[in-house]
**Q** 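Quick one: this structure, given as structure tokens, is what I'll be asking you about.
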There are 2 protein chains.
Amino acid sequence: MPNTKIPHATAKRLPIYYRYLHFLSDAGKKRVSSTELADAVKVDSATIRRDFSYFGALGKRGYGYDVNSLLSFFRKTLKQDKLTNVALIGVGNLGHALLNYNFHQSNNVRISAAFDINEDITGTIQSGVPIYHMNDMKEQLTVQQIKIVILTVPASVAQKVTNELVEVGIKGILNFTPMRITVPNTVRVQNVDLTNELQTLIYFLDKFGSHDTEA
Amino acid sequence: MPNTKIPHATAKRLPIYYRYLHFLSDAGKKRVSSTELADAVKVDSATIRRDFSYFGALGKRGYGYDVNSLLSFFRKTLKQDKLTNVALIGVGNLGHALLNYNFHQSNNVRISAAFDINEDITGTIQSGVPIYHMNDMKEQLTVQQIKIVILTVPASVAQKVTNELVEVGIKGILNFTPMRITVPNTVRVQNVDLTNELQTLIYFLDKFGSHDTEA
DNA sequence: AGGAATCTTTGAAAAAATTCACAAATTAAA
DNA sequence: TTTAATTTGTGAATTTTTTCAAAGATTCCT
């Protein structure tokens, strides 16, 4: 019974599987077992089989999974078969790094517009991406029909900017600010909090019995 | 019965609470209720109360939690009362941004050394941090007694570098590479995978019934 | 002071996620 | 062809996490 309801925890692992399948395919590998995958992506093999099973019977007993068919299945599932345009809001330290970060390569995502208030950079093109002034944000997002943004503005303006994003129909926000922004529940927020990650790491430290932790 | 065993899910939320308490304290607020906190950090109030209760009875019925005592309790718990030195391995795009990123401000963490193979920058000081050559990594990490690193090297060398880190007794790795690195279970790895975050966001998109997702 | 309102603490229930373990299917080897 | 070795798919058990709900403690208002 495919696709009925994919658990949240499973969904978050799909990109990890996807990437490794990509790697295997590039390496010319034809088949892969859940055990082999487990070793590479550090997820228990039973969990992997369970995850896959939510999408139906993707494997073959005694054989494993066919790399290429699994890959193309996940490519569709993750909507990697078409290019997604996103905008970058806030071209500071981190924003600038993300402009150069090669999302496109493995991801089929392109940053097609960036916004900032700094007039030294607005109007220019950085790493192939035009930088607009924040004043033009709502207009450009509408015209370019962008539905996903990466938010790298200062925490102090995060909510204010978010409200504008919601107004123009943004559906997904990758939030790099430390603020927990408020949005209507038609909008999805994914938080990436660098400070938190470090603090969590420090916290877990001498608590040994360690190993891996998902971001 | 405090401190016996803090659930993983709880531990990952502590930094979020900590930061907001900091904010409240700075704003001169004396007390806060779980409901109020819940609204700000987007975690259910019952979950917050449960989380706190693992550390003992930190609040007062009918009153709420005292901001400053809660703050100083968490400061100790998260070891934010003393400065933690970390190293940055790999000063590329992202690494450079992290050098400028103000971990220190809210975090009491300092990047005290950075490493790269690019001889144009080794030997220089960037954003106040000396950049050493990777050849000197093991020596410097040992001398400086660094136990935590931020790993921003290319995926292709992630495991190789990790092995060296393990050799010199690194205990925590904040892994920005897309590789799932292998470490002995005395070492903790926290993965931050930017591409994954975006893909997850895209995946969740039209699956509406949305809202927040932790990184 | 008395009573209503607030708010934590915490058992217990519910929900979600992981893991075990084995039958069923397939491949590989002898 | 028969046997041994793999390996999936999945009920069931377990573990983890979240949420409910009510008793107990305190504050606030009149």
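Naming: A, B, ... by sequence-line order, numbering from 1 per chain.
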**Q** Looking only at the side chain of Ser33(A) (C-beta and beyond, no hydrogens), which of the listed nucleotides dT7(D), dT17(D), dC28(D) gets closest?
**A**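 Selected nucleotide: dT7(D).
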
**Q** Given 3.5 Å as the limit, does a donor-acceptor pair link the side chain of Thr162(A) with the main chain of Ala158(A), or not?
**A**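 Pair found, side chain donor or acceptor close to backbone of Ala158(A).
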
**Q** Taking CG from Leu70(B) and P from dT9(C), how many angstroms apart are they, rounded to a whole number?
**A**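 Rounding to the nearest Å, CG of Leu70(B) and P of dT9(C) are 10 Å apart.
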
**Q** Rounded to whole Å, please give me the gap between CG in Leu58(B) and P in dC7(C).
**A**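 The answer, rounded to whole Å, is 17 Å.
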
**Q** How are the rings of Phe73(B) and Phe55(B) set to each other: parallel, tilted or perpendicular (split at 30° and 60°)?
**A**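 Ring orientation, 0 to 90° scale: perpendicular.
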
**Q** For atom CD1 of Ile117(A), decide whether the heavy atoms of other residues, nucleotides or ligands shown that lie under 6.0 angstrom number more than 12.
**A**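 12 or below, so no.
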
**Q** Work out how much the helix from dA1(C)-dT30(D) to dA30(C)-dT1(D) bends between its end axes, five pairs an end, to the nearest 10 degrees.
**A**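 The end axes of the helix from dA1(C)-dT30(D) to dA30(C)-dT1(D) are about 10° apart, to the nearest 10°.
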
**Q** Taking atom P of dT18(D) as reference, at what distance in whole Å does atom CD1 of Ile48(B) sit?
**A**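 Ile48(B) atom CD1 is separated from dT18(D) atom P by 11 Å.
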
**Q** Calculate the interatomic distance between Phe55(A) atom CZ and dG9(D) atom P; express it in whole Å.
**A**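 About 13 Å, once rounded to whole Å.
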
**Q** Side chain of Arg49(B) only, heavy atoms from C-beta on: which candidate in dT10(C), dT26(C), dG9(D) is closest?
**A**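 That would be dT10(C).
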
**Q** Within the 3.5 Å criterion, strictly below it, is a donor on Gln144(B) or Asn85(B) matched to an acceptor on the partner's side chain?
**A**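 Not at all, the side chains of Gln144(B) and Asn85(B) share no donor-acceptor pair under 3.5 Å.
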
**Q** Nearest whole Å is fine: how far is dT6(C) C1' from Leu37(B) CG?
**A**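 So the two atoms are 16 Å apart, to the nearest Å.
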
**Q** Name the closest nucleotide to the Ala46(A) side chain, picking from dT19(C), dT18(C), dT19(D).
**A**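 Comparing dT19(C), dT18(C), dT19(D) against the side chain of Ala46(A), the answer is dT19(C).
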
**Q** Rounded to whole angstroms, how far apart are NZ on Lys12(A) and P on dA17(C)?
**A**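 Distance check: Lys12(A) NZ to dA17(C) P gives 10 Å.
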
**Q** With a 4.0 Å cut-off on N to O distance, would you call Arg180(B) and Asp193(B) a salt bridge?
**A**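 Salt bridge present between Arg180(B) and Asp193(B).
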
**Q** So, is Arg13(B) close to the dT18(D) phosphate, meaning a side-chain N or O under 4.0 Å from OP1 or OP2?
**A**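 It does, given that an N or O in the side chain of Arg13(B) lies less than 4.0 Å from OP1 or OP2 of dT18(D).
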
**Q** State which residues pass ring-ring contact (aromatic ring centres under 6.0 Å, His included) with Phe176(B); sequence neighbours excluded, sorted by chain then number.
**A**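 ring-ring contact (aromatic ring centres under 6.0 Å, His included) list for Phe176(B), sorted by chain: empty.
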
**Q** Distance under 6.0 Å and angle within 45° of the ring axis: does Arg31(B) meet both against Tyr65(B)?
**A**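 Checked: cation-pi criterion not met.
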
**Q** Between Phe52(B) and Phe74(B), does the ring centre distance come in under 6.0 Å?
**A**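 Ring-ring flag for Phe52(B)/Phe74(B): true, centres closer than 6.0 Å.
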
**Q** Any side-chain N or O of Thr47(B) under 4.0 Å from OP1/OP2 of dT19(D)?
**A**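 Checking dT19(D) against Thr47(B), a side-chain N or O does come within under 4.0 Å of OP1 or OP2.
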
**Q** Rounded to whole Å, please give me the gap between CZ in Arg61(A) and C1' in dT7(D).
**A**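 Distance check: Arg61(A) CZ to dT7(D) C1' gives 9 Å.
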
**Q** In terms of side-chain heavy atoms of Lys60(B), which of dT27(D), dT7(D), dT19(C) is nearest?
**A**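 Nearest nucleotide to the side chain: dT27(D).
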
**Q** May I ask you to say what Tyr65(B) touches in the nucleic acid, namely base, sugar-phosphate or nothing, with a heavy-atom cut-off under 4.0 Å?
**A**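 Answer is sugar-phosphate: Tyr65(B) comes under 4.0 Å of backbone atoms only.
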
**Q** Under 4.0 Å between a side-chain N/O of Ser34(B) and OP1 or OP2 of dC7(C), yes or no?
**A**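 For Ser34(B), the contact criterion (side-chain N or O under 4.0 Å from OP1 or OP2 of dC7(C)) is not met.
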
**Q** Closest nucleotide of DNA chain C for Phe52(B) versus for Gly62(A): which of these residues is on the 5' side?
**A**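 Taking each residue's closest nucleotide, the earlier one in sequence belongs to Phe52(B).
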
**Q** Does Tyr63(A) or Gly59(B) map to a spot on DNA chain C nearer the 5' end, using the closest nucleotide for each?
**A**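 Taking each residue's closest nucleotide, the earlier one in sequence belongs to Gly59(B).
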
**Q** Arg50(A) CZ to dA12(D) P: how many Å, rounded?
**A**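 Whole-Å distance recorded here is 11 Å.
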
**Q** Side chain of Pro7(A) only, please: which of dT17(D), dA17(C), dT8(C) is the nearest?
**A**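 Nearest to the side chain of Pro7(A) among the choices is dA17(C).
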
